[in-house]
Peer 1: 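Okay, handing you the structure first.
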Amino acid sequence: MPSSTPPRTRRVRARREPSLRVAADGLAEGGAVFDPVHRSLDLIGDRWTLVLVRHLLARPRGFQELRSRTGIAPRILSARLRQMVANRLVETVPAGGRSLYGLTDLGRTLEPAVREIALWWVRHIMRAAGPFKETTAASVVEALPFLLRDERTAGVRITYELRLTGKGGGVWVIDIDDGDCRVREGFAERADVRYTADARDWTLLAIGLMDDREAVAEGKLKKDGRGGSIAWYFHQPYSPKRKERGDAK
């Protein structure tokens with residue numbers, strides 16, 4: 001005999017649409033705000049994050065090297081690196097018996113942002129902020145890509161080799177290629193121009209505390225090869241001794 005009890009019907013709950021909370025005055029009430037600048041700075045807006053990215057763009061580096069290059073206190077540096085690893089900007093790279101810190105593919109995509117921030121300071125602040133008296137040859141050489149003058153390097157292809165002796169010295173290759181500049185450590189397979197100088201003298205030249213023509217005349221700077229002065233292609237820091245010259249010789 002069939003049951004007189006009606007079949008149980010399945011209750012279907014109405015689907016709740018996500019709510020959008022906006023205050024009466026049109027301002028956000030809280031929660032996750034859609035703002036690309038805001039969201040980007042959540043990940044990279046810390047004081048040291050982009051500084052560390054800048055130093056890792058050339059190659060992976062160890063903890064102590066990053067500390068000496070940036071001056072970050074050890075505890076803060078350790079915390080920042082952990083956070084950058086968590087945010088997938090940095091990864092550990094095995095190197096022999098130790099680990100270095102290197103940029104991930106995501107971290108390397110920050111290079112244009114780092115470059116634009118540096119160029120903003122170079123174009124609008126640098127001259128008024130000088131003179132600069134505390135730096136190293138390596139710091140200045142590695143900053144060259146951020147000092148490049150686009151209007152003078154379009155269509156230019158030239159390779160410089162910089163050989164610096166004495167404390168803080170080394171050998172670097174500076175390639176300028178149609179508005180782009182790359183710096184790497186080591187010797188050039190073929191250099192158009194080769195500079196040789198003491199590291200301290202070259203640093204004084206680079207930051208404007210020594211005149212380049214005087215340095216050549218006094219034997220402090222030696223130039224070999226055919227090509228214009230490297231200074232022609234870069235924004236120059238504070239320079240009390242000379243005005244920018246309009247030639248590339």
Side-chain angles (χ1 to χ4, degrees), residues 44 47-61 65-72 77 101-103 107-108 110-153 156 158-186 188 191 193 195 197-210 212 215 221 228-240 242 244:
I44 62 173
R47 175 183 177 185
W48 293 115
T49 298
L50 291 182
V51 173
L52 290 168
V53 170
R54 171 256 191 273
H55 285 283
L56 293 173
L57 280 170
R59 59 177 174 82
R61 303 184 189 275
E65 185 180 5
L66 289 171
R67 180 187 173 193
S68 65
R69 282 171 169 269
T70 61
I72 307 176
L77 176 58
Y101 292 94
L103 292 177
R108 194 160 290 280
L110 289 169
E111 181 174 3
V114 172
R115 187 183 302 275
E116 287 304 313
I117 289 172
L119 284 173
W120 175 84
W121 181 84
V122 166
R123 291 166 177 163
H124 303 290
I125 308 296
M126 180 174 69
R127 285 298 184 100
F132 306 96
K133 296 182 179 179
E134 296 184 14
T135 189
T136 64
S139 294
V140 178
V141 175
E142 291 171 3
L144 289 177
F146 306 121
L147 297 169
L148 195 68
R149 300 188 68 145
D150 295 340
E151 75 279 10
R152 293 185 179 179
T153 55
V156 173
I158 189 168
T159 296
Y160 291 92
E161 185 181 87
L162 185 62
R163 297 184 180 185
L164 302 182
T165 60
K167 184 178 181 181
V171 181
W172 290 270
V173 177
I174 300 104
D175 285 310
I176 297 174
D177 185 359
D178 193 18
D180 185 51
C181 176
R182 296 290 169 179
V183 174
R184 59 181 173 83
E185 296 181 43
V193 179
Y195 285 107
D198 175 79
R200 181 179 182 276
D201 289 339
W202 188 86
T203 304
L204 291 173
L205 278 166
I207 62 178
L209 298 181
M210 183 186 295
D212 53 356
L221 177 67
S229 168
I230 191 173
W232 170 255
Y233 299 113
F234 297 92
H235 291 277
Q236 300 299 301
Y238 174 85
S239 179
R242 65 173 184 254
E244 244 185 285

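The figures that follow rest on heavy atoms only: side chains count, while hydrogens, waters and symmetry mates do not. It should be emphasised that the depicted structure is a prediction, and the values quoted were computed from it without experimental measurement.
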Peer 1: Which residues pass the salt bridge (charged side-chain N to carboxylate O under 4.0 Å, His left out) test with Asp175, not counting sequence neighbours?
Peer 2: none
Peer 1: Is the positively charged end of Arg152 above the ring of Trp232, judged by distance under 6.0 angstrom from the centroid and angle within 45° of the axis?
Peer 2: yes
Peer 1: Can you name the residues that form a salt bridge (charged side-chain N to carboxylate O under 4.0 Å, His left out) with Arg115, not counting sequence neighbours?
Peer 2: Glu111
Peer 1: Short question: side chain of Gln236, backbone of Phe234 - any donor-acceptor pair under 3.5 Å?
Peer 2: yes
Peer 1: For Ser139 and Thr135, indicate whether the former's side chain and the latter's backbone hold a donor-acceptor pair under 3.5 Å.
Peer 2: no
Peer 1: With a 4.5 Å cut-off on side-chain heavy atoms, are Pro145 and Val183 touching?
Peer 2: yes
Peer 1: Taking the side chain as every heavy atom from C-beta outward, state whether Arg182 and Ile174 have any atom pair closer than 4.5 Å.
Peer 2: no
Peer 1: List in chain and number order the residues that pass side-chain hydrogen bond (donor to acceptor under 3.5 Å, both in side chains) with Glu161, two or more places apart in sequence or in another chain; answer none if no residue qualifies.
Peer 2: Arg163, Arg194
Peer 1: Go through the structure and list residues passing salt bridge (charged side-chain N to carboxylate O under 4.0 Å, His left out) with Asp178, not counting sequence neighbours.
Peer 2: none
Peer 1: Could you work out, with salt bridge (charged side-chain N to carboxylate O under 4.0 Å, His left out) as the rule, every residue matching Arg54, not counting sequence neighbours?
Peer 2: none
Peer 1: Quick one: pull up OG1 in Thr165 and CG in Asp201 and give me the separation to the nearest 0.5 Å.
Peer 2: 8.5 Å
Peer 1: Search all heavy atoms of Ala197 against all heavy atoms of Leu221 and return the closest pair with its distance.
Peer 2: CB-CD1, 3.9 Å
Peer 1: Is Glu142 paired with Arg69 through a side-chain N to carboxylate O contact shorter than 4.0 Å?
Peer 2: yes
Peer 1: For the atom pair CG (Leu103) and CZ (Arg59), what is the distance rounded to the nearest 0.5 Å?
Peer 2: 12.5 Å
Peer 1: Quick check: does any side chain N or O of Arg61 sit under 3.5 Å from a backbone N or O of His55, one acting as donor and the other as acceptor?
Peer 2: yes
Peer 1: If the condition is side chain to side chain contact (heavy atoms under 4.5 Å, CB included), which residues does Val193 pass it with, not counting sequence neighbours?
Peer 2: Ile158, Tyr160, Tyr195, Lys223
Peer 1: Does some side-chain heavy atom of Thr136 sit less than 4.5 Å from a side-chain heavy atom of Thr203?
Peer 2: no
